[in-house]
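Here the structure is a predicted model, which means the values were calculated and not measured. Every chain is numbered from 1, with letters handed out A, B, ... down the list of sequences.
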Amino acid sequence: MRQYSKLLQQLTRKSIEHRIASLLQDSSTQQHLLQVHAFYVKTCPGRNNFLHAKLLSAVVSLSPPNDLQYARSIFDSFSMPDTFIWNTMIRAYLNAQKPRESVTLYFQIRLQDNVLVDSFSLSLVLQACARLMDSENGQKLHALIAKLGFGPDVFVQTALIEMYAKCHCLEDAGKVLDHMEKPDLVSYNVLLAEYVRIGEIELAHELFNRMPERDLVSWNTIIHGYASLSEVRSAPKPFNITNEQRQQSNEALRLFHRMQLANVVPDKITIISVLSACGNLGALGMGRMIHEYVEINGIEIDMKLGTSLLDMYAKCGDIDSSVKTFKNVNARDIFTWSVMIMGLANHGLGELALEYFSNMIAEGLKPNDVTFLGVLSACSHIGLVEEGWKYFKSMTSVYGVAPKIEHYGCMIDMLGRAGLLQEARELIKSMPFAPDAVLWRAILGACRIHKNVELAEEATVNLLELEPHVDGNYVLLSNIFSQARKWDNVVDLRRMMRNADIHKVPGSSSIEVGNAVYEFVAGDKSHPKSDKIYEMLDEILHSIRCNGYEPLTTSAIQDFAEQEKQNALAAHSEKLAIAFGLLATAPGTPIRIFKNLRICDDCHLAIKFISNLYHRKIIIRDRNRFHHFEEGSCSCKDYW
DNA sequence: ATAGGGTTAG
């Protein structure tokens, strides 16, 4: 009888434990979990490390990010945690972005008498050291690993590679990989990803080429490396992309091609990187093909893919498709909205951008600093000064977003272009940042439009002090002087440039026809059909003159005779690209041009006439924004 | 258990 009762007791306990285990498995909210925890404490007074560990895992996985207090209290209630339990807690801290705690906990294991670290503990603590860039502890661990005999463990070795790479000990990272007996593909991929992350794209490519094999992750990593405008070496600036960055985006597309030749099937992540390369290059044709690929292969357009698609369309000048994609995407977060707002702003659709902003707020999303860059540049592009001030002030007072110098940049541009130069100057004085070159350039640009010599002088001095080697600054100044017919100053500037060995980056315009991109610089004669293009250009210029176009020779920077100035203007790269576009595309097709510098006044005027006379939409992305020319007018309403 | 993805002033 007594035995029976004991058995019954045991059975009851087993069944309760079983019940708790399954309740833990099913817990999907913290609320629910708390109830199970209470039930567990009440019904299972005895110690059961297995069940207790399950509870800890459940609590960890349901903990809010960065808050591990509850998990920690459970961890602390173990009387004798085993290695697995220690590791669980170390991993929890790592995932909660608290690597410091992971390291502390690891060293506590080492103080325990009855617990040994295993390969899990070691790779976890190495990852923590990596995030902390703690190469000192990392190196000590490396020595200990050898001593404890974990040398051949692939996971530990891979963690060592990551640790060294993140600590910028690239040689050591490479050495670990080279000395591995049987290096895992993952070990290569880790090093590859780290090279990419720190902007060592050449090292990454070299490693990629000599890897014994490459999987989808390897391809995605290297393609991402080339597609993303490296944040390490220069700030991301899709609209005034450097030549080097353009070559890198082209390389991303080449690698994408190679990947398909290697029979590796691209996934969502590949597509996102490739779309970003398309956006950088303005390669609309390629971007559309990728979109088709997504549709044909039934790849789900999730939030991130949707965001990158609509970003691609906006950056390639097809704002209608961008908005369409935005409306079709199944979920939108602050990225999706910010990208859309920025896209609309860049296309001069400021009112719509502001409408989107208020819809976003109505949906309960919290704007961030990037969102406000979109909102403020929307205001500055269309000259909405009062609105701009309102949004700028609301950043701190309503949304708790601290304005950065970029936001002041938008404001100063907005005020300057609206002619409120004094107000712009006051804002520079009152802001909590030292003004950068961008701000002075914005002021200088405004001085050019509004002919304010006094402020121009101050801006010039400051600009040349901050950026004495940037060719564009001299060009801008030279434009201002020639507009004012101060030829002596123009000559001085040219001498300064010569002495400092500064060369003007030539303006270039590119156009996509068929599957190829054609690039023109001013006076370009390199195209095989160059004769035909110039013939077309002559015809165009003649026709628009008959319709009232007068060359705006103030756009010519040099002190030439009138006729020479006109000739120089006539062969501007955007005009050549348009002449080619009119020849090479069917009547009625929109012409899309990408220019590396800002469009000049004369070209802007000429293109208005061309769009009218030839009944073509002409869309130009310059280094600042889009211009949509149609039936004789431009979407910027000549405000740029 | 280790690896890869979307925004950024002028």
Rounded distance (Å) that lies between atom P of B:dG10 and atom CZ of A:Arg623: 12 Å

Touch class at under 4.0 angstrom, heavy-atom based, for A:Val339 against every strand present: sugar-phosphate

Nucleotide nearest A:Met303 when distance is taken to its side chain, options B:dG6, B:dT2, B:dG10: B:dG6

Selection from B:dG5, B:dG10, B:dT2 that lies nearest to any side-chain heavy atom of A:Lys268: B:dG5

Nucleotide B:dA3, atom P - distance to CZ of A:Arg214 in whole Å: 21 Å

Touch class at under 4.0 angstrom, heavy-atom based, for A:Ser123 against every strand present: base

Selected nucleotide, minimal atom distance to A:Leu373 side chain, candidates B:dG6, B:dA9, B:dT7: B:dA9

A:Lys54, NZ: over 12 other non-hydrogen atoms inside 6.0 angstrom: no

Sugar-phosphate, base or nothing in reach of A:Ile222, heavy atoms under 4.0 Å: nothing

Touch class at under 4.0 angstrom, heavy-atom based, for A:Ala159 against every strand present: nothing

Touch class at under 4.0 angstrom, heavy-atom based, for A:Val190 against every strand present: sugar-phosphate

Side chain of A:Asp215 (C-beta onward), nearest among B:dT8, B:dA1, B:dA3: B:dA3

Sugar-phosphate only, base, or nothing, as touched by A:Ser119 at under 4.0 Å among non-hydrogen atoms: base

Under 4.0 angstrom between A:Ser276 side-chain N/O and B:dG5 OP1 or OP2: no

Test salt bridge (charged side-chain N to carboxylate O under 4.0 Å, His left out) applied to A:Asp436 and A:Arg441, step by step: CA-CA 9 Å; A:Asp436 63 8; A:Arg441 204 159 30 238; over 6 Å; no

Any residue meeting salt bridge (charged side-chain N to carboxylate O under 4.0 Å, His left out) with A:Asp369, in chain and number order, not counting sequence neighbours: A:Lys404

Separation of B:dG10 P from A:Glu406 CD (nearest whole Å): 11 Å

Minimum-distance nucleotide (side-chain atoms of A:Ile269 versus B:dA9, B:dA1, B:dG5): B:dG5

Pair A:Thr371, A:Asn368: side-chain N/O donor-acceptor within cut-off below 3.5 Å: yes

Spacing between A:Ile299 atom CD1 and B:dG6 atom P, to the nearest angstrom: 16 Å

Pair A:Asp311-A:Ser308, side-chain donor/acceptor within less than 3.5 Å: no

Base B:dG6 to side chain A:Asp333, donor-acceptor N/O within 3.5 Å cut-off: yes

Proximity to the side chain of A:Val438 - top-ranked nucleotide from B:dA1, B:dA3, B:dA9: B:dA9

Between P of B:dA9 and CZ of A:Arg417, the distance in whole Å: 13 Å

Closest approach of A:Ser102 to A:Ile90 (non-hydrogen atoms, all atoms of both residues): OG-O, 3.0 Å

Residue-phosphate contact under 4.0 Å: A:His224 side-chain N/O, B:dG5 OP1/OP2: yes

A:Arg197 CZ - B:dA3 C1' separation (whole Å): 13 Å

Shortest side-chain distance from A:Phe155, nucleotide among B:dG10, B:dT7, B:dA1: B:dA1

Presence of donor-acceptor pair under 3.5 Å, side chain of A:Ser228 and base of B:dG5: no

Side chain of A:Ser380 - closest among B:dG10, B:dA3, B:dT2: B:dG10

Among B:dG6, B:dA3, B:dG10, the nucleotide that comes nearest once only the side chain of A:Ile272 is considered: B:dG6

Check: A:Trp640 ring centre within less than 6.0 Å of A:His381 ring centre: no

Proximity to the side chain of A:Ser377 - top-ranked nucleotide from B:dA3, B:dA9, B:dG6: B:dA9

Gap between atoms CG and P, on A:Leu466 and B:dA9 respectively (whole Å): 19 Å

Sugar-phosphate only, base, or nothing, as touched by A:Asn624 at under 4.0 Å among non-hydrogen atoms: base

Interface residues of residues 308-315 of chain A with DNA chain B (non-hydrogen, below 4.0 angstrom): A:Asp311, A:Lys315

Residue pairs, two or more places apart or on separate chains, that pass salt bridge (charged side-chain N to carboxylate O under 4.0 Å, His left out) and touch residues 324-342 of chain A: none

Donor-acceptor pair under 3.5 Å, A:Asp436 side chain vs B:dA9 base: yes

Over 12 foreign heavy atoms within 6.0 Å of OH, A:Tyr399: yes

Proximity of A:Tyr93 and A:Phe75 rings by center, below 6.0 Å: no

Touch class at under 4.0 angstrom, heavy-atom based, for A:Asp302 against every strand present: base

Atom-pair distance (CG on A:Leu305; C1' on B:dT7), nearest Å: 15 Å

